[in-house]
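Presented below is the structure to which this report refers.
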Amino acid sequence: MFRTMMKAKIHRARVTEANLNYVGSVTIDQNILDEVGILPHEKVQIVNNNNGARLETYVIAGERGSGVVCLNGAAARLVQPEDIVIIVSYAMLNEEELSQFKPKIALMGEGNKIEEIIEEEPPLTALPYSLQK
């Protein structure tokens with residue numbers, strides 16, 4: 001049996017652009033992608049904390065160090081620059097892989113810089129204030 005598990009998460013990134021006239025996808029700073037193990041063309045789910053919109057698309061690598069998080073094409077209608085989003089990638093794992101698997105969660109700060117990488121979310125209904133910035 002395979003289970004679909006969260007593989008990587010970019011938590012509370014700030015949208016830098018919304019480009020309606022692009023073909024589609026989300027552009028993310030390549031440094032962020034490297035840190036969490038998301039590849040270009042990988043499918044991701046995006047949740048907008050500002051309006052509750054949820055969408056699926058694929059990733060395009062953005063310029064390293066730019067902090068870019070740009071929703072392109074039709075997805076641009078679901079976000080505004082400065083919105084806070086959560087970007088999640090999933091993987092299908094078999095029973096043997098589950099015991100060794102650890103997701104990577106990037107807690108984002110100002111300028112879409114990674115403040116911390118964690119492997120497990122705290123068992124809380126709300127993150128501590130320090131993680132909500």
Side-chain angles (χ1 to χ4, degrees):
M1 175 181 1
F2 286 91
R3 296 181 186 260
T4 302
M5 307 296 289
M6 179 183 70
K7 179 183 77 96
K9 180 165 105 168
I10 302 168
H11 185 75
R12 296 185 60 84
R14 191 170 298 276
V15 174
T16 58
E17 302 172 56
N19 185 346
L20 183 61
N21 296 313
Y22 191 78
V23 175
S25 70
V26 58
T27 304
I28 303 172
D29 179 325
Q30 181 67 59
N31 288 345
I32 298 169
L33 297 176
D34 290 348
E35 286 292 323
V36 295
I38 295 176
L39 298 174
H41 311 291
E42 187 168 337
K43 180 181 178 179
V44 292
Q45 177 184 45
I46 300 173
V47 180
N48 185 330
N49 279 15
N50 293 76
N51 64 20
R54 299 172 85 85
L55 65 110
E56 292 181 341
T57 190
Y58 64 92
V59 172
I60 291 178
E63 181 181 342
R64 288 185 180 279
S66 66
V68 66
V69 174
C70 177
L71 277 290
N72 301 302
R77 295 217 183 261
L78 301 175
V79 301
Q80 296 292 315
E82 298 299 316
D83 281 358
I84 300 294
V85 295
I86 298 170
I87 302 167
V88 184
S89 156
Y90 299 92
M92 294 186 70
L93 303 174
N94 64 36
E95 296 293 324
E96 293 83 39
E97 293 170 312
L98 286 173
S99 65
Q100 301 298 320
F101 178 73
K102 301 266 190 225
K104 288 190 177 181
I105 302 160
L107 304 177
M108 306 304 289
E110 291 297 316
N112 286 334
K113 302 294 182 212
I114 296 173
E115 289 188 351
E116 186 178 359
I117 298 282
I118 59 176
E119 294 180 341
E120 188 172 311
E121 295 170 314
L124 304 170
T125 57
L127 287 174
Y129 178 75
S130 64
L131 300 179
Q132 293 180 24
K133 294 179 188 173

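Summarising the geometry of R77 relative to L20, their closest heavy-atom pair is NH2-CD2, 3.3 Å, with the distance given to 0.1 Å. The two residues V68 and E63 have their closest heavy-atom pair at CG1-N, 4.3 Å. I60 and S25 make their closest contact through CD1-OG, 3.0 Å (heavy atoms, listed as atom of the first residue, atom of the second, distance). Closest non-hydrogen pair, T4 versus M92, comes out as OG1-CG, 3.8 Å. Of all the heavy atoms in M5 and F101, the pair that sits closest is CB-CE2, 4.4 Å. A18 approaches V79 most closely through the heavy-atom pair CB-CG2, 3.9 Å.
Each of N94, L98, L93 was checked for a side-chain contact (heavy atoms from CB on, under 4.5 Å) with E96, and the lone residue meeting it is N94.
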Point to revise | Verdict with reasoning, I87 to I32, per side chain to side chain contact (heavy atoms under 4.5 Å, CB included) | key: CA-CA 11 Å; I87 302 167; I32 298 169; over 6 Å; no
Exercise for review: Walk me through it: do I105 and M6 pass the test side chain to side chain contact (heavy atoms under 4.5 Å, CB included)?
Suggested key: CA-CA 9 Å; I105 302 160; M6 179 183 70; 3.7 Å; yes
Exercise for review: Decide side chain to side chain contact (heavy atoms under 4.5 Å, CB included) for L71 and V15; before the verdict, give the C-alpha distance in whole Å, the side-chain angles of both, and the deciding distance to 0.1 Å.
Suggested key: CA-CA 8 Å; L71 277 290; V15 174; 4.2 Å; yes
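Checked for salt-bridge contact, R3 and E95 meet the test: a charged N lies under 4.0 Å from a carboxylate O.
Between the side chain of N19 and the backbone N or O of N72, no donor-acceptor pair lies under 3.5 Å. Between the side chain of D29 and the main chain of G62, no donor-acceptor pair closer than 3.5 Å is present. Side-chain atoms of N112 never come within 3.5 Å of backbone atoms of A13 as a donor-acceptor pair (strictly under, hydrogens ignored).
The distance from the CG atom of L78 to the CG atom of D83 is 10.0 Å, given to the nearest 0.5 Å. From I86, atom CD1 reaches atom CZ of R54 across 8.5 Å, with rounding to the nearest 0.5 Å. Atom NZ of K102 is separated from atom CD1 of I118 by 12.5 Å, given to the nearest 0.5 angstrom. R14 CZ to M108 CE: the interatomic distance, rounded to the nearest 0.5 Å, is 11.0 Å. Rounding to the nearest 0.5 angstrom, the gap separating the CD atom in E17 from the OG1 atom in T27 is 7.5 Å. A distance of 7.5 Å separates CD1 in I114 from CD1 in I10, rounded to the nearest 0.5 Å.
Under the 4.5 Å side-chain heavy-atom criterion for Ile, Leu, Val, Met, Phe, Trp and Tyr, I28 and I84 are members of distinct hydrophobic clusters. The cluster map of Ile, Leu, Val, Met, Phe, Trp and Tyr, joined by side-chain heavy atoms under 4.5 Å apart, puts V44 and L33 in the same cluster. Follow the hydrophobic side-chain contacts under 4.5 Å out from I117 and you reach I38 in the same cluster. Cluster annotation: V36 is connected to I46 through the hydrophobic network of ILVMFWY side chains, with a link wherever side-chain heavy atoms come within less than 4.5 Å.
Under a cut-off of 6.0 angstrom, the local environment of NZ in K43 is sparse, with at most 12 non-hydrogen atoms contributed by other residues, nucleotides or ligands.
Applying the salt bridge (charged side-chain N to carboxylate O under 4.0 Å, His left out) criterion to E119, with sequence neighbours excluded, gives no partner residue.
Residue pairs meeting the side chain to side chain donor-acceptor pair (under 3.5 Å) criterion with at least one partner in residues 33-42, sequence neighbours excluded, are K7-E42, Q30-D34, D34-R64, E42-S89.
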